[in-house]
Amino acid sequence: MNSIDPRRTPAVSVFGLGYVGCVSAVCFASRGHAVVGVDPNPDKVALLRAGKAPVVEEHLGELTAEVVTAGRLTVQDDPGRAVHDTDVTLVCVGTPSTPNGALTTEYLERATEEIGHALATKDSWHVVVYRSTMVPGTCEGVLIPILERKSGKRVGVNFGVCLNPEFLREASSVRDFLDPPKTVVGESDPRSGEIVMGLYNGLPGPRFRVPVAVAEMTKYVDNSFHALKVAFANEIGAVCRPMGLDSHAVMDVFLADTKLNISPAYLRPGFAFGGSCLPKDVRALTHTARKLDVDVPLLSNLLVSNEAHLRRAVDMVIGSGRRKVGIFGLSFKPGTDDLRESPLIELAERLLGKGYDLKIYDANVVLSRLIGANRVYLAERLPHIGQLLTDDLDEVLAHAEVCVVGSKEPAIVSAVEAAGDGRLVVDLVRMDTADPRRGTEDYVGIGW
Ligand SMILES: NC(=O)c1ccc[n+]([C@@H]2O[C@H](COP(=O)([O-])OP(=O)(O)OC[C@H]3O[C@@H](n4cnc5c(N)ncnc54)[C@H](O)[C@@H]3O)[C@@H](O)[C@H]2O)c1
């Protein structure tokens, strides 16, 4: 099989000339690639042939005229020819929602059939690059099998597949293409990943080469987070208004905090939140909104979401079928003995209520030292804690058929890691270890 000459600029075909495809086609052509567009829509094809952009976007009109006149962007009616004449095919067809919210893969499947059919008779290495947004598993579960069936060839052996999500925003898409927030390439094989990442050489921003399904997921994480941010800001505005507060003044202060607010803080999957502030303050804010007759479904569901997460941990222990449980860590976060609204206490309570045989280790929570609010909290919420709680790690380990790890304290992590086989580790904190149980059925992480 001939490979792509690394000194040559790869020729690119683009299937689907909507927003994403048209911007990609024009921008790659402007960066010196020979680009061939394919779209069944005759109006879009006619416009492009005339050097006009089929979608309205800043700078796209001038750039389209320039690259079409220069002969760097052409349009092809025959999808097979487009694949044969290029090294890389970008698939940018639509993936709209069905009425039940599922994703339509119909256009993706049809384009993939055409490409697979063409690959059957293509000798040189070709990379099929999906830019359309698709739920994780679609590429490997639906599209690659079509490519292999239609071509009679094997992915990673005879041709490559990459997933290269598009992060452009409509209205500023050309600027976003040339100044991307990041470039993500999910790859079936390193050679294909290298070729596709090479298309973006010279553009700024961090770059990630990841498994295909990780690349599929990144797009959903981004868009869900953007939606979450908009809804959050709008609900804050909705609560501020009847209180006579200028929400923009409030958010100016919020946004200036780049340590805890606009930062990576609190964005790693782990266990439920708790402690003396978060649950209390979320409750008070949603109560205030209720009093003001302001509907804030996002804020009101934060505790609902937290409860669902706590239940996941309980279910992981129940699902193990084992009854003797060791809980490592009890305070709401390591390095404190504050037990108020600790989700680990809640977890312990629920397991006790279901008759599980518990022992709990937490070096910071030594009963005799507990004073004030903590002592009261413990006395009210978990009165028999004294019999269960110990500062002897080995005692808890000796007891535990299931080790629930709720703290990253090095003593806990290394003891659990060294504890030998036969125990199930339920990791709520993502222990930073090379625990040999990782990846086996004796280890389960709450969000990984
Ligand atoms: N619009 C955005 O800002 C944006 C941003 C990032 C990602 N995305 C994702 O990119 C994908 C494309 O979005 P869009 O807004 O460009 O869609 P679009 O509807 O504007 O364009 C899709 C194009 O694909 C064409 N098409 C359908 N079947 C085809 C086939 N077999 N061969 C060739 N062309 C075919 C259609 O005629 C249409 O012109 C979607 O998955 C979308 O979710 C969109």
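Order of listing sets the numbers, starting from 1, for every ligand and every atom in it.
- Of the options Val20, Thr95, Val93, the smallest heavy-atom separation from atom 26 (N) of ligand 1 is shown by Val93.
- In the vicinity of Val38, heavy-atom distances shorter than 4.0 Å reach the ligand 1 atoms 33 (C), 34 (N).
- Checking Thr440 against Asp442 by side-chain atom types alone, no donor-acceptor pair falls below 3.5 Å.
- Ranking the protein heavy atoms by distance from atom 22 (C) of ligand 1 puts Gly94 N, 3.5 Å first.
- Annotation: salt bridge (charged side-chain N to carboxylate O under 4.0 Å, His left out) contacts of Arg49 (sequence neighbours excluded): Asp77.
- At least one protein heavy atom sits closer than 4.0 Å to atom 16 (O) of ligand 1.
- Under the 3.5 Å distance criterion, with hydrogens and angles disregarded, no donor-acceptor pair is assigned to the side chains of Arg290 and His287.
- Considering backbone and side-chain N/O atoms, Lys44 comes within less than 3.5 Å of an N/O atom of ligand 1.
- Distances between N or O atoms of Arg169 and those of ligand 1 include no value under 3.5 Å.
- Two rings, from Phe28 and Tyr200, have their centers less than 6.0 Å apart.
- Counting heavy atoms closer than 4.0 Å to ligand 1, residue Pro79 contributes nothing at all.
- For Glu114, every heavy-atom contact with ligand 1 shorter than 4.0 Å involves the side chain, none the backbone.
- Residue Ser224 holds its OG atom at 10.5 Å from NZ of Lys219, rounded to the nearest 0.5 Å.
- In this structure, Tyr266 has its ring center at least 6.0 angstrom away from the ring center of Phe273.
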